[in-house]
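Values below: every heavy atom of this structure, side chains too, minus hydrogens, waters and symmetry copies. Heads up: numbering here begins at 1 and tracks the sequence.
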Amino acid sequence: SEMCIRDRTHSMLQTNSCVLPNSFLRTSQCLAVVQSYLKFMPNAPLPTYLTMEELSTSLQYIKYFDGWEKCEDGTLKFVDKELMEKQKGVIAKVFTKSIKSMIYSNLVGLSIPAHIFDSISVLESMAYGSRFFPHYIGKACKLTDNLERFKLYVVSCIAALNLYTKKCSPLNPMLGETFQAILEDGSQIVLEQTRHHPPAANYFIAGPSGLHKSYGKLEFDGKLGMNNITAYSLTKMTTVFRDGQILETNGFPSIKITGLSIGDRKMFYKNILACVDRKHGWKAVIFFDYGEKKVLFTSDKTVPKDLIEGIIYVPTKPNFEIFGKIDNPPRCIQDLKEVKTEIARISGAWMERIDVNGVTYWAADKVKPCKIKLPPNPLPSDSRYREDLIWLRRNQMEHADAWKDGLEIRQRQDQKCREAFKGQSVMD
């Protein structure tokens, strides 16, 4: 009831929690803010706040493939049995819910309990994915050879795929949610969730001393099958060097996970990563899970799924459109019909090494991702203040689920209000 909400709010404001640093309650409108949230989560615990020590703690995820085991066929097999059992019931519920809409439903927007997620948001996960930047982009800034810069940029994009193979998925950000971080070389990263549905975020990286800057749009989509799920990345990235060279990436390989309910759960990358340098006329296309030949309802694999093959080339026409989410993308170099001049070949295995013309540019046991530092006073909209994430990190799963449900209900109501307001005059 309204009286119950007021009683809980006044009780909370009289405690010491409301005077800790970085609290949104320390505003002149704190009472109204808290009441507006408690209305949507009557069973959720009262807001709690991080100490300065907790606020500055970063989850580094230095270990690759935590919870996964590499198989001979080039896939990663999920071996965390405890987590798998926890997820099975949830997967069944999600699939049933998606069937009510349509078979093979789009997954974005389905509500899933917080306790099967990682204790970070997608924004924080994307920031961690930039931890090869100081090594490769930092090295590229010292070069005057534009082609070598392009090679380093492409390699950094491939190597970064290793940083997204965690055993739990991160939480989708709320509209307006932000995240800030600082890389080892001093580069500053800021990200913001800029669209609710389908979810999308924008980011900006300011390199040290103005040597480079990067920006782009992060967008994801997913599709659920009978026993598998495919996650598509529609991400667009641009990196600009101080001398004016501009390098772009539009579309990353999709992630496919099989064995959701029957058989071994395995993960691998599919399709294409593509980069361009429009000014110099260079295009790079890297194929994942290549060599697959479809025969009716089966497929004949000729190479392990972790091997990659790629090419840097000048196209026959000034066509620098990059492959996004398309139905029938080229599957290997032989399928490319636009190669005018070949510049370099890329090969290797995305989990182990990346070679360009036979020279190793990245090896998993030699080039490690840099550490990341979190600023002590981020914006009030920072992911680290999200109550569901706070409770996840404290292993309080019931509290995390309650807050996630309440926040999503609030966000959906806000979306309805925006849609109702659309087209109206500000004076209405």
Practice task
Check the side chains of Gln415 and Glu419 for a donor-acceptor pair under 3.5 angstrom, ignoring hydrogens and angles.
Solution key: yes
Practice task
Mind running salt bridge (charged side-chain N to carboxylate O under 4.0 Å, His left out) on Glu72 and Lys305 for me, showing each step along the way?
Solution key: CA-CA 9 Å; Glu72 290 185 1; Lys305 290 180 178 293; over 6 Å; no
Practice task
Output yes when a side-chain donor or acceptor of Gln245 lies under 3.5 Å from a complementary backbone atom of Asn146, and no otherwise.
Solution key: yes
Practice task
Return yes if some donor-acceptor pair links the side-chain N/O of Glu248 with the main-chain N/O of Cys275 below 3.5 Å, else return no.
Solution key: no
Exercise for the section: Salt-bridge test for Arg418 and Asp414: reply yes if a basic N is under 4.0 Å from a carboxylate O, no otherwise. Expected result: no
Problem - Any side-chain donor near an acceptor of the partner, Glu192 and Asn202, under 3.5 Å - result: no
Handout entry: Nearest heavy atoms of Ile354 and Ala159, plus distance in Å
Key = CD1-N, 3.7 Å
Problem - Glu219 and Thr235 side chains, donor-acceptor separation under 3.5 Å - result: no
Practice task
In sequence, state the C-alpha distance, the side-chain angles, and the governing distance for Lys256 and Asp289, and then conclude on salt bridge (charged side-chain N to carboxylate O under 4.0 Å, His left out).
Solution key: CA-CA 11 Å; Lys256 187 165 186 177; Asp289 188 31; over 6 Å; no
Problem - Arg393/Glu124 ion pair, N-O < 4.0 Å - result: yes
Exercise for the section: Check whether NZ of the Lys or CZ of the Arg Arg331 lies under 6.0 Å from the centre of the six-membered ring of Phe287 and within 45 degrees of that ring's axis. Expected result: no
Practice task
Identify the residue among Lys404, Met397, Gln396 that makes a side chain to side chain contact (heavy atoms under 4.5 Å, CB included) with Trp391.
Solution key: Gln396
Problem - Residues Asp306, Lys70: salt bridge by 4.0 Å N-O rule - result: yes
Handout entry: Side chain proximity check, Ile390 to His399, heavy atoms < 4.5 angstrom
Key = no
Exercise for the section: I would like to know whether Asp80 and Arg265 meet salt bridge (charged side-chain N to carboxylate O under 4.0 Å, His left out); could you show each step before the answer? Expected result: CA-CA 10 Å; Asp80 191 324; Arg265 186 175 302 176; over 6 Å; no
Handout entry: Cationic tip of Lys270 above Phe288 ring, under 6.0 Å, 45° of axis
Key = no
Exercise for the section: Identify whether the distance between the nearest side-chain nitrogen and carboxylate oxygen of Arg410 and Asp405 falls below 4.0 Å. Expected result: no
Exercise for the section: Indicate yes or no: does Lys142 engage Glu148 in a salt bridge with an N to O separation below 4.0 Å. Expected result: no
Problem - Ser130-Tyr203 side chain donor-acceptor pair, cut-off 3.5 Å - result: no
Practice task
Return the orientation label for the Trp68 and Phe78 ring planes: parallel under 30°, perpendicular over 60°, tilted otherwise.
Solution key: tilted
Handout entry: Name of the residue among Thr258, Ile262, Ile257 meeting side chain to side chain contact (heavy atoms under 4.5 Å, CB included) with Asn227
Key = Ile262
Handout entry: Side-chain heavy-atom pair Ile272, Pro253 within 4.5 angstrom cut-off
Key = no
Problem - Side-chain donor/acceptor of Arg353 to backbone N/O of Trp362, under 3.5 Å - result: no
Problem - Within 6.0 Å of CD in Glu398, more than 12 heavy atoms from elsewhere - result: no
Handout entry: Which atom of Ser381 lies closest to which atom of Gly176, heavy atoms considered
Key = CB-O, 3.6 Å
Exercise for the section: Return yes when atom NZ of Lys77 has more than 12 non-hydrogen atoms of other residues, nucleotides or ligands closer than 6.0 Å, and no otherwise. Expected result: no
Problem - Check against side-chain contact (heavy atoms from CB on, under 4.5 Å), Ile255 and Tyr232 - result: CA-CA 7 Å; Ile255 300 175; Tyr232 301 97; over 6 Å; no
Exercise for the section: Measure from the side-chain N and O atoms of Asp355 to the backbone N and O of Ser347, and report whether any donor-acceptor pair falls under 3.5 Å. Expected result: no
Exercise for the section: Please check if any side-chain donor atom of Asp382 sits under 3.5 Å from a side-chain acceptor atom of Thr178, or the reverse. Expected result: no
Exercise for the section: Please test Lys266 against Asp73 for salt bridge (charged side-chain N to carboxylate O under 4.0 Å, His left out), starting from the C-alpha separation and ending with a verdict. Expected result: CA-CA 10 Å; Lys266 293 186 175 183; Asp73 62 357; 3.3 Å; yes
